[in-house]
Amino acid sequence: EVQLVESGGGLVQAGGSLRLSCVASGFTFDDYAIGWFRQAPGKEHEGVSCISKSDGSTIYADSVKGRFTTFSDNAKNTVYLQMNSLKPEDTGVYYCAGEPWLPCGSNWYARPKYDYWGQGTQVTVSS
């Protein structure tokens with residue numbers, strides 16, 4: 001039942017901005033979490049952020065803190081990742097991930113926490 005669909009990736013120059021969208025369907029429980037991950041070629045998956053429905057709290061990786069913001073529009077069943085001051089090292093495939101039962105918690109950055117994944121959207125930051 002659960003499906004996640006990302007969009008909004010593209011090519012942007014360093015210092016620019018992009019907004020990614022994750023449209024979620026099939027989440028019918030109170031304490032779900034939506035995380036963002038990314039992976040560059042030859043690099044490990046990296047947790048970027050997480051947002052919890054229960055209290056709206058957010059968590060960010062140190063590498064993006066102060067530049068990225070995740071927020072939700074519950075009426076549209078959509079979670080966004082606003083990326084500002086982009087750097088070439090932000091390049092990669094970005095995925096949204098859904099946990100339908102629990103808030104972000106201390107394991108927010110661990111891939112096994114999440115039961116559902118989108119297909120990914122490519123973000124390329126040129127210098």
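Here the closest non-hydrogen pair linking A33 and P103 is CB-C, 3.8 Å.
If you chain together hydrophobic residues whose side chains sit under 4.5 Å apart, Y32 and Y109 never meet in one group. The hydrophobic cluster containing I34 does not contain Y80, counting ILVMFWY residues as joined when their side-chain heavy atoms lie under 4.5 angstrom apart, directly or transitively. Clustering ILVMFWY residues whenever any of their side-chain heavy atoms sit less than 4.5 angstrom apart, transitively, puts Y60 in the very cluster that holds W36. Under a hydrophobic-cluster definition in which Ile, Leu, Val, Met, Phe, Trp and Tyr are linked whenever side-chain heavy atoms come within less than 4.5 Å, directly or via other members, L81 and V12 are assigned to the same cluster.
Not less than 6.0 angstrom separates the ring centroid of Y95 from the ring centroid of F37.
One finds no salt bridge joining K87 and D90 here, because no Lys/Arg side-chain nitrogen approaches an Asp/Glu carboxylate oxygen to under 4.0 Å.
Taking CD of E89 as the start and OG of S63 as the end, the distance is 9.0 Å to the nearest 0.5 Å. Going from atom OG1 of T121 over to atom CZ of R38 covers 14.0 Å, rounded to the nearest 0.5 Å. Note that OG of S17 is 9.5 Å distant from CZ of F68, once rounded to the nearest 0.5 Å. A distance of 14.0 Å separates CG of L102 from NZ of K53, quoted to the nearest 0.5 Å. One distance of note links CD1 of I51 with OG of S57; it measures 8.0 Å at 0.5 Å rounding. Atom-to-atom distance recorded for S85:OG and R67:CZ is 7.0 Å, nearest 0.5 angstrom.
Between W117 and H45, the ring-plane angle classifies as perpendicular under the 30° and 60° cut-offs.
Checking side-chain atoms of T91 against main-chain N and O of T124 turns up no donor-acceptor pair under 3.5 Å. A donor-acceptor pair under 3.5 Å is absent between the side-chain atoms of S49 and the main chain of I59, judged by distance alone. The main-chain N or O of S7 is never found under 3.5 Å from a side-chain atom of S21 such that the two would form a donor-acceptor pair. A donor-acceptor pair under 3.5 Å links the side-chain atoms of Y114 to the main chain of W108, judged by distance alone. Judged purely by atom type and a 3.5 angstrom limit, E6 uses its side chain to pair as donor or acceptor with the backbone of G120.
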Worksheet item: Should L20 and M83 be marked as a side chain to side chain contact (heavy atoms under 4.5 Å, CB included) after you check the CA-CA gap, both sets of side-chain angles, and the distance that decides it?
Response: CA-CA 8 Å; L20 306 183; M83 305 185 294; 3.7 Å; yes
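Counting only N and O atoms by type, the side chains of D73 and T78 include no donor and acceptor under 3.5 Å apart.
Enclosure of atom CD in Q39 by more than 12 non-hydrogen atoms of other residues, nucleotides or ligands within 6.0 angstrom is indicated. The number of heavy atoms from other shown groups lying within 6.0 Å of CD (Q82) is above 12.
Side chains of L4 and V23 form no contact here, defined as non-hydrogen atoms less than 4.5 Å apart.
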